[in-house]
Protein chains: 2
Amino acid sequence: MPHGQENMGSSVPTLEDVAARSGVSTATVSRCLNTPSQVSATTRERVMRAVSDLGYAPNFGARALAAKRTNTFGAIIPTMENAIFARGLQAFQDELGENGVTLLVASSSYSPQQEEEQIRSLVARGADALLLIGQDRTPKTYAFLDKRKIPYVVAWVFDRTNTRPSIGFDNRQAMKALADEVLEMGHRHLGVITAEREGNDRARGRFEGICDAARDHGINPDSLAVEETTYAIDNGAQAFARLMACTPRPTAVLCGNDVFAAGALMMARKMGLRVPEDVSITGFDDIELAEIVTPALTTVHVPHREMGRRAAQKLLSLRAGDDPGPSIELATTIQWRESLGPAPARN
Amino acid sequence: MPHGQENMGSSVPTLEDVAARSGVSTATVSRCLNTPSQVSATTRERVMRAVSDLGYAPNFGARALAAKRTNTFGAIIPTMENAIFARGLQAFQDELGENGVTLLVASSSYSPQQEEEQIRSLVARGADALLLIGQDRTPKTYAFLDKRKIPYVVAWVFDRTNTRPSIGFDNRQAMKALADEVLEMGHRHLGVITAEREGNDRARGRFEGICDAARDHGINPDSLAVEETTYAIDNGAQAFARLMACTPRPTAVLCGNDVFAAGALMMARKMGLRVPEDVSITGFDDIELAEIVTPALTTVHVPHREMGRRAAQKLLSLRAGDDPGPSIELATTIQWRESLGPAPARN
DNA sequence: ATGTAAAATGTAAGCGCTTACATTCAAGTG
DNA sequence: CACTTGAATGTAAGCGCTTACATTTTACAT
């Protein structure tokens with residue numbers, strides 16, 4: 001293409017086309033787009049007209065390549081299928097949006113290996129910073145992040161023993177608090193539905209919390225009826241059915257999350273069991289679902305929105321070069337509803 | 001940096017670093033990564049070792065810039081907060097994954113303007129093709145897509161009058177079928193909870209379907225009690241409460257989606273109304289939620305997974321340069337559960 | 001050995017953008 | 001009016017990669 005001649009035809013307009021059409025250099029056009037104050041009002045106007053006439057949109061890759069900064073953050077969450085992360089992520093996104101950064105979301109299907117791939121992919125795409133869920137990942141992954149100097153924050157957990165910037169809550173303690181309540185209500189035979197604990201520190205923490213509470217109440221954690229399964233309502237239902245077949249039959253089933261609990265509830269109904277009269281069921285997370293089901297779930301309320309918002313703030317400040325500062329612990333509370341009741345009288 | 005000298009220090013390794021370390025040219029390294037068959041086994045091995053030693057990962061922007069192809073598709077959905085699109089999107093993603101393409105998801109919050117921005121952003125990021133929900137968008141947006149020659153497919157709707165490649169179902173007819181059933185059961189006073197119809201052809205279609213059915217049963221559509229609100233369980237609940245305050249009070253409430261219906265159900269319970277004895281409630285979509293709530297929702301089942309899968313296939317084939325072919329219509333069915341019953345005897 | 005075609009590799013020109021640095025211009029000063 | 005100065009603009013060097021084309025190597029037939 002002869003220099004200075006505007007790109008004709010239907011192909012994608014470039015900075016150069018805009019420059020040609022408005023009679024300035026590409027540098028000026030670039031400045032118009034990025035630092036408008038450095039351009040005189042008259043030329044700016046002319047350039048902007050050319051931009052809209054041409055329907056020009058900057059090429060992201062080229063921009064990232066040249067500027068080494070994308071104004072894009074990434075988040076890798078274990079799943080999009082369930083609403084567990086939706087609310088927190090929304091808050092995260094909103095906060096970022098207000099600061100002019102775009103969010104790219106990927107899901108790992110709870111697979112550490114897939115997560116690593118996703119991390120690489122987001123980084124290759126130029127993510128300036130990352131939101132990660134939980135601490136469990138290979139040293140290699142962390143090494144990669146460190147080597148690349150990508151700021152990240154680990155959310156949904158708070159672990160005082162760890163030095164990584166994190167923002168979340170103590171899963172173990174939170175679940176213990178709920179389990180304590182269950183035990184205080186006289187339940188002696190507990191069933192547990194947990195997500196796969198391998199590679200999932202949150203699930204492990206929650207399970208440990210139940211064990212802690214059991215021990216405190218003179219119950220051997222080994223006597224717990226435990227079902228481990230993957231994340232889906234129906235799996236919760238199946239696990240509940242298996243639990244109900246145990247001897248002695250649990251009078252309360254503690255679920256690692258609300259999704260399992262919803263499944264359990266569904267299965268209880270199907271089996272003709274009344275909740276909480278015949279069996280109590282509890283959840284964890286307090287997602288929307290918890291309030292919708294019948295009976296409504298007694299569960300652990302997690303401040304998702306605040307977590308998302310503050311994760312965004314921390315990441316923004318990390319990118320700006322600020323010191324990580326201490327990890328942030330958020331408090332959980334027990335959300336009392338209807339699915340937990342006293343242990344049925346012995347029969 | 002002197003030519004041929006490996007990049008020391010901790011900065012991000014580039015193709016050139018890999019080339020230097022393995023003693024070949026950048027071209028060979030590139031071929032190793034993209035078309036390994038063109039490289040001899042021995043060099044390939046040497047190069048791959050260097051790649052992993054260095055922890056090299058290609059820079060996406062640079063690659064896109066040079067190759068003009070990203071193997072990335074984009075999807076813009078109205079919302080991530082609710083699970084409406086989750087299942088379809090998951091199927092879409094799975095199908096793409098099998099074909100080596102990555103999915104980038106953005107959400108528009110049901111705002112056509114935001115949607116346009118998202119489209120531009122995804123295109124700037126190099127999306128090879130796009131999945132769009134519904135037909136309602138400005139001509140400008142379509143013009144942009146056409147000019148850029150970005151293949152796209154419109155999902156969640158099927159409109160025989162339109163020439164854009166689409167894959168979905170006839171919202172109007174599907175809702176009419178359900179409304180017919182409701183009317184057959186003797187209901188004469190209907191309430192409707194619909195999403196905002198402006199800029200949302202699916203919501204409009206569903207509403208029109210109800211009107212069609214009403215007319216067929218000798219009911220003036222203007223006599224329908226209609227509540228229009230935005231997408232959230234709680235909004236559904238509030239709308240239901242308002243509907244129950246109408247005179248005459250509707251004996252059946254048709255909701256534009258399952259989320260509204262879940263909210264309505266919740267509010268009915270709160271108001272002490274039995275469903276379906278006192279009032280019937282129906283949904284649309286048949287998402288997981290529909291089966292979980294009590295009573296379970298009678299709703300319109302939409303083949304989300306198939307829609308997602310076939311949308312992916314069509315997009316893949318469009319990118320390959322194939323002809324769009326005809327739009328695909330999927331069938332919906334009525335999913336009978338418990339929330340719809342005969343109209344209560346007149347009191 | 002010698003020639004030849006195919007396979008393997010190298011060279012270098014961009015892809016579209018940003019930005020350090022150089023240049024030009026306008027508006028005051030003394 | 002020459003001179004300084006800061007604002008506006010231009011020039012051009014990359015950013016990290018792919019790929020057309022050129023060159024070298026290899027394998028094999030003669």
Side-chain angles (χ1 to χ4, degrees), chain A residues 1 3-4 6-7 11-47 50-51 54-72 120 123-126 128 148, chain B residues 1-4 6-7 11-47 50-51 54-72 120 123-126 148:
Chain A
M1 189 183 85
H3 179 76
E6 184 173 328
N7 182 347
S11 79
V12 180
T14 70
L15 240 211
E16 197 170 339
D17 298 327
V18 176
R21 183 180 241 263
S22 46
V24 299
S25 72
T26 59
T28 299
V29 178
S30 174
R31 278 187 287 255
C32 259
L33 266 22
N34 298 300
T35 50
S37 67
Q38 288 180 20
V39 179
S40 76
T42 55
T43 38
R44 198 189 321 160
E45 196 173 316
R46 198 149 34 93
V47 170
V51 165
L54 257 29
Y56 168 79
N59 176 309
F60 179 82
R63 178 176 265 188
L65 197 54
K68 303 181 164 285
R69 168 52 114 105
T70 59
N71 270 320
T72 298
R120 280 177 184 278
V123 168
R125 281 196 147 72
D128 293 338
R148 281 297 215 297
Chain B
M1 189 181 83
H3 178 76
E6 185 174 327
N7 183 347
S11 79
V12 179
T14 71
L15 240 212
E16 197 170 336
D17 298 328
V18 177
R21 182 179 244 263
S22 45
V24 299
S25 72
T26 59
T28 299
V29 178
S30 175
R31 279 187 286 255
C32 259
L33 266 23
N34 299 300
T35 50
S37 68
Q38 288 180 19
V39 179
S40 76
T42 55
T43 37
R44 198 190 319 159
E45 196 174 316
R46 199 148 33 94
V47 169
V51 165
L54 257 29
Y56 169 80
N59 176 309
F60 179 82
R63 176 176 268 187
L65 196 55
K68 301 176 166 288
R69 195 199 257 196
T70 60
N71 270 320
T72 298
R120 280 176 185 279
V123 168
R125 282 196 147 70
R148 281 297 215 296

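What you are looking at is a predicted structure, and each value in this text was computed from that prediction instead of being measured. In what follows, every chain begins at residue 1, and chains take the letters A, B, ... in the order their sequences are listed.
- Contact between the side-chain N/O atoms of Ser25(A) and the OP1/OP2 oxygens of dG10(D) is found at a separation under 4.0 Å.
- Considering only side-chain N and O atoms, Lys68(A) lies nowhere under 4.0 angstrom from the phosphate OP1 or OP2 of dG14(D).
- Protein atom CZ of Arg31(B) is 10 Å distant from nucleotide atom C1' of dA20(D), rounded to whole Å.
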> Checking side-chain contact (heavy atoms from CB on, under 4.5 Å) for the pair Val47(B)/Val24(B): CA distance, chi angles, key distance, verdict?
Replying inline: CA-CA 8 Å; Val47(B) 169; Val24(B) 299; 4.0 Å; yes
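- Among dG10(D), dG16(C), dA12(C), the nucleotide with an atom closest to any side-chain atom of Thr14(A) is dG16(C).
- Between the CZ atom of Arg46(A) and the P atom of dA8(D) there is a distance of 14 Å, given to the nearest Å.
- The stretch residues 36-43 of chain A has no heavy atom under 4.0 Å from DNA chain C, so no residue of it qualifies as close.
- Computed from coordinates, the Glu16(B) CD to dC17(D) P distance equals 9 Å when rounded to whole Å.
- Dashed line: the shortest gap from a side-chain N or O of Ser30(A) to OP1 or OP2 of dT18(C) is under 4.0 Å.
- For Ala66(A), the side-chain atoms get nearest to dC17(C) when compared with the rest of dT9(D), dC17(C), dC15(C).
- dC15(D) atom P lies 23 Å from atom CZ of Arg125(A), rounded to whole Å.
- The closest side-chain heavy-atom distance from Val12(A) to Lys68(B) is not below 4.5 Å.
- Taking side-chain N and O atoms only, Asn59(B) has no distance below 4.0 Å to OP1 or OP2 of dC15(D).
- Residues Ala62(B) and Ala27(B) both approach DNA chain C. Their nearest nucleotides, taken by heavy-atom distance, put Ala27(B) toward the 5′ side.
- Between Ser40(B) and Thr43(B), the shortest heavy-atom distance links the atoms OG-OG1, 2.7 Å.
- Candidate nucleotides dT18(D), dT18(C), dT19(D) were compared by shortest atom distance to the side chain of Thr26(A), and dT18(C) ranks first.
- Put simply, CZ on Arg63(B) is 9 Å from C1' on dT18(D), counting in whole angstrom units.
- If you measure from atom CZ of Phe60(B) to atom P of dT18(D), you get 11 Å, rounded to the nearest angstrom.
- By the 4.5 Å heavy-atom criterion applied to side chains, Thr72(A) and Arg125(A) are not counted as neighbours.
- The shortest distance between side-chain heavy atoms of Pro13(B) and Arg148(A) falls below 4.5 Å.
- Between the CG atom of Leu33(B) and the C1' atom of dC17(D) there is a distance of 11 Å, rounded to whole Å.
- Heavy atoms of Tyr56(B) sit under 4.0 angstrom from primed sugar atoms or phosphate atoms, though from no base atom.
- Nucleotide dG10(C) holds its P atom 13 Å from the CG atom of Leu15(B), rounded to whole Å.
- Between atom CZ of residue Arg21(A) and atom CZ of residue Arg46(A) there is a gap of 12.5 Å, rounded to the nearest 0.5 Å.
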> side-chain contact (heavy atoms from CB on, under 4.5 Å) between Ser30(B) and Asn34(B): does it pass, once the steps are laid out?
Replying inline: CA-CA 6 Å; Ser30(B) 175; Asn34(B) 299 300; 3.3 Å; yes
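- With contacts defined as side-chain heavy-atom distances shorter than 4.5 Å, the pair Thr28(A)/Arg31(A) qualifies.
- With dG10(D), dC17(C), dT19(D) as the candidates, the nucleotide lying closest to the side chain of Ala67(B) is dT19(D).
- Comparing Arg44(B) and Leu65(B) along DNA chain C, the residue whose closest nucleotide (by nearest heavy atom) sits nearer the 5' end is Arg44(B).
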